[in-house]
Amino acid sequence: MNFGWWRCLFSFSILYFTSTYTHAKPALSSHPLCSDQDRSALLLFKHSFQLDCAASALDPSRYPKTKSWTVESNPDCCFWDGVECNEETGSVIELDLSSSCLYGSFPQNSTLFNLKHLQKLHLAINHFNYSQIPPEFGQMRNLKSLNLTYSAFSGQIPSEILKLSEMTVLDLSISNNDGSSGNDPPGLRLHDPSLDMLIRNLTHLRQLYLNDVDISSTLPTFLTNLTSLQAIGLTNANLYGEVSPSFFRLPHLEIIRLDGNSDLAGFLPQFHLNNSLKVLGLFGTSFSGEVPPSIGNLVRLKMLNLANSRFSGLIPPSIGNLTSLVYLILNDNNFIGDIPLSITNLANLETLALSDLNAMSKQLGLEFRKLHRLTALRLLGIKLDSEMSSFLTNLTGLTFLDLSGTQLNGQFPQWVANLTQLQYLALKQNELEGPIPQWISQFTMLYSLQLGMNNLSGNFDIFSGLQNLVDLDLSGLILTFSGSSRKNSSVLKLELLDLSYCNLGKFPLFLQNQTTLQSLMLIENKIEGVVPQWLINTTIANLLIIGLSGNKLTGFEQPISVIPWTNLEGFYISDNKWQGPLLTPPSSLQIYSASYNMLTGSIPKDICKARSLSTLELSNNSMSGHIPSCIGDQLGESLQLLDLRGNDLSGTIPLKFTKTCTLGMINLSENKLEGDLPRSLSNCTKLQILDVGKNSFDDTFPSWLGSQPQLQVLVLRHNKFCGSIEDPKPGYEFRFLRIIDLSCNLFIGHLPSAYLQNWHKMQVSNENKSGSSNTMSTVFFQAGNGEFMQQNQLDYSITITNKGSETLYTKILTVFRVIDFSSNKFTGEIPNIIGDLKGLQALNLSNNNLIGEIPPSLANITDLESLDFSMNKLSGVLPQGLSQLQSLEVFNVSYNHLTGQIPQGLQFNTFDNSSYEGNSGLCGYPVANNCRNVDATPSALSSATSDNNNEDSVLIDWIIRSLGCLSGLVVGFVIGKVFITDKYHDWFMETFQRQPKKRVRRAPRRRR
């Protein structure tokens, strides 16, 4: 999905709904001169900065207000630009230097703080060179309005701000899209003081904007006490937790912007009549549930943005009551049903975005002509046929049109030719075929054209006359490049170009003219050899992202040791034949994806010079040596994904993670690492996945990780972890685990029942989860465009072993729940409490020393698909309730001491004799023993005992052989050959893998 337009709309809407307006200064007949102290303070403040209008290019109306501040032109500073004074005393009470081209570090002892009577200070849209907000702001006790937004401050917001108890307007928002480079320091953060402390001290707040400030906390409940609050903007602030419904009912609240906080959850409440809301933005949050019909009571609402969240159910027809709406953005949710006809009542609508609903009705299409003010329309995944889509012919004012994934078929739609005002056109991921029409070259206002993933064809020269085009997506098309392409394309000044999946065999020569490129995508082509030097020379100044994954490239034309693009932020070369040592990244790099190549040597320490690095993927190469220790501390504040799987790395893990650790995934599996897990991992409070499988760690169970608030996947398989697993301390129960794999280690003692009863994520059946799949066969899938498009996914890869088959899973859904304690030395009975894990889908306790009976409570695990208790010392009968498990597809209790009748019916009719062999006391289908002929005489029992002794011999032999588990794949081969029939192996591969094992690639994200 292209987020560029949404980012522009978002920035515009913030400015639209929160901007302050300057008013003409009234002429005063008599006015006392401002004091010498105030005049001197202003002049010294002026000389603290340079005037650089290019540095604050966010606002095209900027001008240097302080340039006119001279005593010669007017000795009374009250008449200087941006200055307001008290009419009676002459004291400066307001200073508005927004968009005044100020540039330079803000001095800590600025004379600005000598303006003791100042009540309003606006310094928005300047550039203070990433200096910190001075604590001296706390001296300005009369300050009621402070606006520092988009002015390039950084660091912790000082606690002295809490002293401004009279504050009514506070805007400290920053911009992530101000044109700055990747070398810039981090932005603002509000950690100490916290957001809760701030609002408890500034109780008179009416407007609070901390957009893009790193807050990293819940939304304080104290907010509901701020009854005077009119506007709040906390977008992209790393908020988490659940929002109280009462927050939406604050009596004077007009603007709510919580967009971009993906871990922030909640539900929309019932809205009362006369609600004051004008703007409601929950874009990119985890809000869920239905949109209540009472949404129609928000008659003052001008913007409703619920996109990219988890809302479900029908879009209520009452939404047609919101006749003041200008922006209605509901795409990328779980809505069902039809588009309500009442939407056509929204006569003031300028922007409409919907997705994934039923086919649009013809009546609705005809009624769309009422939306005559519509300039932006996005209908994603809504079925439109050629006849239906012709209703757009009448919307001639459209400047933005996105019909991606709407099943448009046939020739390129002719009605598009009528939309002559278009600046953005996206028809990608449809079923269009045939030639791209020549008249597309007449759309000279287009700045973005997205035609990728269709069956269209054409010559690249068609686009050469589109002089305003900066964003072009032709991925998956059949393109030809004539001899004149290089010359004709010189008119194009592209910034984003996607030619992925175009079957290209070499780098197109027209790229020699594209000196303004910022993003170049050439993934999944057939380009062989080296990256030519001319491509580097052409793009070296501006390129930010280059995607070369999925080709046959071996390196650069000229041998180099450093990635040549000095401002590069994303480098994607995975799945090539790249050779030699790992290239040192530039300091600006944020994503380094080089998995599945032929890289050798060690990881260079210079990699830590990329202090903004968020993703480091080097899996499945031949890299050796030790992991640089600097990855833990120097990259701790930026690194979110570390994947070093499948190399030859050795030694201990030298990483020391600080409390600012932001890692969400660590995969160090399939190396030669040893020793203990670093205890500093407990500082990584955002960790969701930890996989250290198939190494030589000889630590104890990492109970100290049990307090991690987000840890969902823990894989320790194929190591030498040892000892018993003691009961957890309070708060260390791994409450959020969904997948735990301790297989092939040396754990002893009883199964950790005290942990089992606290794994709440495994206790909810998928059948009770709205929108979730109830079968693992739908856990993993790949969309037709090569990108994974599932919402409830963890964007990581792990390998899971079951019955000797190792499978690499490229995405992990939040409905995937597995426990694997196999091939250890666990003793005792299987705890009955395991039956409370109703959402569990795979349970493997095989190859241990477990005794006692199989708990009947297992029949409660309604989602169970794979159950393996083989190679233990279990006795008693098989619980007949297991026959009710309709999802069970793999069942193995072989080589135990079980007796009695095998359950019959449903799935148990599909299991063959291999599921039960080694249990001579079992009878009934499919084993040979007929329950009616079983002799319970002492001699028979003696015979059974003898058989059991033989089974014990087999078990001892098996345990000896299974020690190879610690050596990697040896035991997998043994299990697969000895105990797994082709039937079970085929089932597992079909159900869990869904597609042939292949190299894992993640399509690069487009720069926002």
Side-chain angles (χ1 to χ4, degrees), residues 693 701 714-718 721-725 734 737-757 759 762 800-805 817-861 863-879 881-882 885 888-898 911 914-919 951 954-955 958-959 962 965 971-972 974-975 979-980 984 988:
F701 181 72
L714 178 63
V715 179
L716 307 180
R717 70 191 187 95
H718 288 273
F721 286 96
C722 60
S724 60
I725 301 178
F734 293 92
L737 271 188
R738 297 186 297 103
I739 297 174
I740 180 167
D741 188 347
L742 308 182
S743 62
C744 298
N745 279 288
L746 302 173
F747 289 114
I748 61 174
H750 290 250
L751 292 175
S753 57
Y755 281 104
L756 296 175
Q757 65 185 2
W759 290 345
M762 303 185 192
I800 293 178
T801 303
N802 193 325
K803 296 179 170 295
S805 298
R817 303 180 183 97
V818 174
I819 293 177
D820 190 346
F821 291 164
S822 64
S823 299
N824 281 282
K825 297 181 179 180
F826 286 114
T827 56
E829 299 183 354
I830 300 173
N832 192 60
I833 198 172
I834 204 166
D836 292 342
L837 306 181
K838 298 179 181 179
L840 201 61
Q841 291 160 293
L843 175 61
N844 191 345
L845 304 180
S846 65
N847 195 21
N848 282 286
N849 294 311
L850 300 175
I851 61 173
E853 298 185 348
I854 295 177
S857 63
L858 285 171
N860 298 329
I861 309 180
D863 292 344
L864 198 61
E865 298 184 18
S866 176
L867 178 62
D868 191 346
F869 288 167
S870 62
M871 301 305 301
N872 280 287
K873 299 177 181 179
L874 299 173
S875 58
V877 299
L878 285 171
L882 296 179
L885 297 177
L888 196 62
E889 298 192 39
V890 165
F891 181 71
N892 193 345
V893 291
S894 60
Y895 296 95
N896 281 283
H897 307 319
L898 299 172
F911 305 139
S914 64
S915 294
Y916 310 103
E917 60 187 349
N919 293 280
E951 291 165 18
V954 174
L955 178 61
W958 166 251
I959 292 174
S962 68
C965 185
V971 74
V974 174
I975 299 174
F979 289 105
I980 304 304
Y984 291 152
F988 187 79

**Message:** Show every ring-ring contact (aromatic ring centres under 6.0 Å, His included) that has at least one partner inside residues 833-860, sequence neighbours left out.
**Reply:**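 Sorted result for residues 833-860: empty, none.
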Take Leu878 and Val893 through the side-chain contact (heavy atoms from CB on, under 4.5 Å) test and state the conclusion after the steps.
CA-CA 9 Å; Leu878 285 171; Val893 291; 4.2 Å; yes
Minimum heavy-atom separation for [X] and [Y], please, with both atom names.
{"X": "Ile725", "Y": "Phe747", "value": "CG1-CD2, 4.1 Å"}
{"X": "Asn849", "Y": "Lys873", "value": "OD1-CE, 4.2 Å"}
{"X": "Asn896", "Y": "Asn872", "value": "OD1-C, 2.9 Å"}
{"X": "Arg717", "Y": "Asn745", "value": "CA-ND2, 3.9 Å"}

To the closest 0.5 Å, what do you measure between [atom1] ([X]) and [atom2] ([Y])?
{"X": "Leu845", "Y": "Ser822", "atom1": "CG", "atom2": "OG", "answer": "8.5 Å"}
{"X": "Ser743", "Y": "His718", "atom1": "OG", "atom2": "NE2", "answer": "5.0 Å"}
{"X": "Ile830", "Y": "Ser857", "atom1": "CD1", "atom2": "OG", "answer": "9.5 Å"}
{"X": "Ile740", "Y": "Arg817", "atom1": "CD1", "atom2": "CZ", "answer": "15.0 Å"}
{"X": "Trp759", "Y": "Leu737", "atom1": "CH2", "atom2": "CG", "answer": "6.0 Å"}
{"X": "Asn847", "Y": "Lys825", "atom1": "CG", "atom2": "NZ", "answer": "11.0 Å"}

Quick one: does [X]'s side chain get under 4.5 Å of [Y]'s, heavy atoms only?
{"X": "Leu751", "Y": "Leu850", "result": "yes"}
{"X": "Leu742", "Y": "Asp820", "result": "no"}
{"X": "Phe891", "Y": "Phe869", "result": "no"}
{"X": "Val890", "Y": "Asp868", "result": "no"}
{"X": "Thr827", "Y": "Ile851", "result": "no"}
{"X": "Ile819", "Y": "Met762", "result": "yes"}

State whether a side-chain donor-acceptor pair under 3.5 Å links Ser915 with Asn892.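 Per modelled atom types, Ser915 and Asn892 side chains form no pair under 3.5 Å.
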By side chain to side chain contact (heavy atoms under 4.5 Å, CB included), which residues pair with [X], not counting sequence neighbours?
{"X": "Ile833", "result": "Ser753, Leu756, Gln757, Pro831, Asp836"}
{"X": "Ser875", "result": "His897"}
{"X": "Pro879", "result": "Ile854, Pro856, Leu882"}
{"X": "Leu864", "result": "Leu843, Ile861, Leu867, Leu885, Leu888"}

### Query
Which residues pass the ring pair (Phe, Tyr, Trp, His ring centres under 6.0 Å) test with Phe826, sequence neighbours left out?
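For Phe826 the ring pair (Phe, Tyr, Trp, His ring centres under 6.0 Å) partners, ignoring immediate neighbours, are Phe821.
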- Task: Apply ring-ring contact (aromatic ring centres under 6.0 Å, His included) to Phe701 and Phe734, showing your working.
- Result: CA-CA 12 Å; Phe701 181 72; Phe734 293 92; 5.7 Å; yes
- Distance-only, no hydrogens or angles: does the Glu829 side chain make a donor-acceptor pair with backbone N or O of Gly852 under 3.5 Å?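 Such a contact is absent between Glu829 side chain and Gly852 backbone.
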Original post:
Any donor-acceptor pair under 3.5 Å linking the side chain of Asn848 with the backbone of Asn824?
Top reply: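 Yes, the answer is positive, given that a donor and an acceptor are paired below the 3.5 Å cut-off.
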